[in-house]
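This report concerns only the one structure given below.
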Amino acid sequence: APFKWSHSLQLAPEVLNVPLIVRVPGSGSGFYEGVTRSMDVFPTLASLASVPVASGVGVTGEDLSHAIRGDAPARRLAAPSHTAVLARSVFRQMHEPRWSEVWAVARSYFPRIDVGLVWVSIRDEDIVYKHQKVEEGRWEMQVFDLASDPGETRNLYDPGDVIHTAMAGALEDYKARLVEHYPEPGSETPGQLPRQNEAELLRSLGYIR
C-alpha cells in the first residue's frame, strides 16, 4: 500500500525525475547535467526558439539555453518540491469501509485535509533534503545522497552539520510560505478567475461548446 499511494504524493522519483527531450534545429545532441525546475522550462525554450521574453512579465525561471548548447557550464540550482494537499475525493475514499485496509497507512499520515500536512523537499545537485512524516506520526528531517544511494535507503541527516541545519531551516521557511499562501476552500486568490467565468473560459479555449 505505501508504494502505491506514495506516487500520488508527488515526491516519488518517478514523478520528479521526468526527462524533457527537446529537438533544437541546428544544434547537436547533448544532455543537461544540472538540476532543473519546471519554471526554467519556459524561458529556456523561448531562448532556444529565439523568442524574446519581455522583462517585468512575471517570469522567474532561469534561461538554461547556453548550458544546453554547451556554451556555458550547467547552473547550480536548488529545486524545491512538495506534496499536494489531499483532494476531497481521495479523502472520502480513504474513509470508505470497503477501502479501509488499503488506505490504513495513508490515513495515519494524512488524517485530515490540511495544508500543514504537506511534505517538502529540496534537491541540490545529488543531495536531496526532505521533511516528512514517518512511522508513528513523527516528522523527520532526511538527507540522501542520490549518487551513492539512489533508492534513498540511508538517511544522512546530522543535526551537527551546519549545511544540514541550514537546509532544514530553508525547508521550514518554504513550508511556511506554502501554508501562508494556500487559499481557503471557496476563496479566490489574486488573478484567479471567478467561478462563474469558468465556462466562458473553457468555451473560448475550445474545450466545451
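These values consider heavy atoms only, across backbone and side chains, with no hydrogens, waters or symmetry-generated copies. Remember, it's a predicted structure, so these values are computed and weren't measured experimentally.
Taking all atoms of both residues into account, the shortest heavy-atom contact from Leu48 to Ser65 is CD2-CB, 3.7 Å.
Within the model, atoms OG1 of Thr165 and CD of Glu172 stand 11.5 Å from one another, a figure rounded to the nearest 0.5 Å. Here the CG-NZ distance, from Leu117 to Lys175, works out to 6.5 Å after rounding to the nearest 0.5 Å. Rounded to the nearest 0.5 Å, atoms CZ (Arg177) and NE2 (His82) are 10.5 Å apart. The line from CG of Leu156 to CD1 of Ile127 is 7.0 Å long, rounded to the nearest 0.5 Å. The distance from atom CE of Met167 to atom CZ of Arg123, rounded to the nearest 0.5 Å, is 12.5 Å.
Looking only at distances, a side-chain donor or acceptor of Asn155 sits under 3.5 Å from a matching main-chain atom of Val143. Put simply, the side chain of Arg107 gets close to the backbone of Met94: a donor and an acceptor are under 3.5 Å apart. Side-chain N or O atoms of Arg76 include none that pairs as donor or acceptor with a backbone N or O of Ala78 at under 3.5 Å. With Thr44 contributing its side chain and Glu62 its backbone, the two residues share a donor-acceptor pair below 3.5 Å. Listed for the Asp40 side chain is a donor-acceptor partner under 3.5 Å among the backbone atoms of Arg37. Judged by distance alone, the side chain of Ser47 and the main-chain N or O of Asp63 form no donor-acceptor pair under 3.5 Å.
Linking ILVMFWY residues whenever their side-chain heavy atoms come closer than 4.5 Å, directly or via other members, places Trp139 and Val179 in the same cluster. Under the 4.5 Å side-chain contact rule for hydrophobic residues, Val102 and Tyr109 share a cluster. Linking Ile, Leu, Val, Met, Phe, Trp and Tyr whenever their side-chain heavy atoms come within less than 4.5 Å leaves Tyr174 and Met39 in two separate clusters. Val35 and Val22 fall into different hydrophobic clusters, defined by Ile, Leu, Val, Met, Phe, Trp and Tyr side-chain heavy atoms under 4.5 Å apart, directly or through other members.
In this structure, Leu77 and Thr36 have side chains that are not in contact, with every pair of non-hydrogen atoms separated by 4.5 Å or more. By the 4.5 Å heavy-atom criterion applied to side chains, Leu20 and Val41 are counted as neighbours. Put simply, the side chain of Gln132 reaches to within 4.5 Å of the side chain of Gln142, judged on heavy atoms.
Annotation: Phe110 is in aromatic contact with Trp119 [ring centroid separation under 6.0 Å].
The pair Glu140-Lys130 does not meet the salt-bridge criterion, since no charged nitrogen lies less than 4.0 angstrom from a carboxylate oxygen. Taking 4.0 Å as the cut-off between side-chain N and carboxylate O, Arg112 and Asp114 count as a salt-bridged pair.
Donor-acceptor pairing under 3.5 Å is recorded for the side chains of Ser121 and Ser81. A side-chain N or O of Trp103 and one of Gln93 form a donor-acceptor pair less than 3.5 Å apart. Looking at Asp149 and Thr153, their side chains do bring a donor and an acceptor atom within 3.5 Å of each other.
Listed by chain and residue number, Met141, Tyr157 satisfy the side chain to side chain contact (heavy atoms under 4.5 Å, CB included) test with Ala168 (two or more places apart in sequence, or in another chain). Checked against side chain to side chain contact (heavy atoms under 4.5 Å, CB included), Ser50 has no partners two or more places apart in sequence or in another chain. Residues passing the ring pair (Phe, Tyr, Trp, His ring centres under 6.0 Å) test with His95 are Phe91, sequence neighbours excluded. Take Val85 and apply the side chain to side chain contact (heavy atoms under 4.5 Å, CB included) test, not counting sequence neighbours, and it matches Ile113, Val115, Val118, Tyr182. Partners of Glu33 by side chain to side chain contact (heavy atoms under 4.5 Å, CB included), not counting sequence neighbours, listed by chain and number: Phe31.
Classification of the His164-Tyr129 ring pair by plane angle, with boundaries at 30° and 60°, yields perpendicular.
In the hydrophobic clustering (ILVMFWY side chains linked at under 4.5 Å, chained through shared members), Leu146 is joined by Val128, Phe144.
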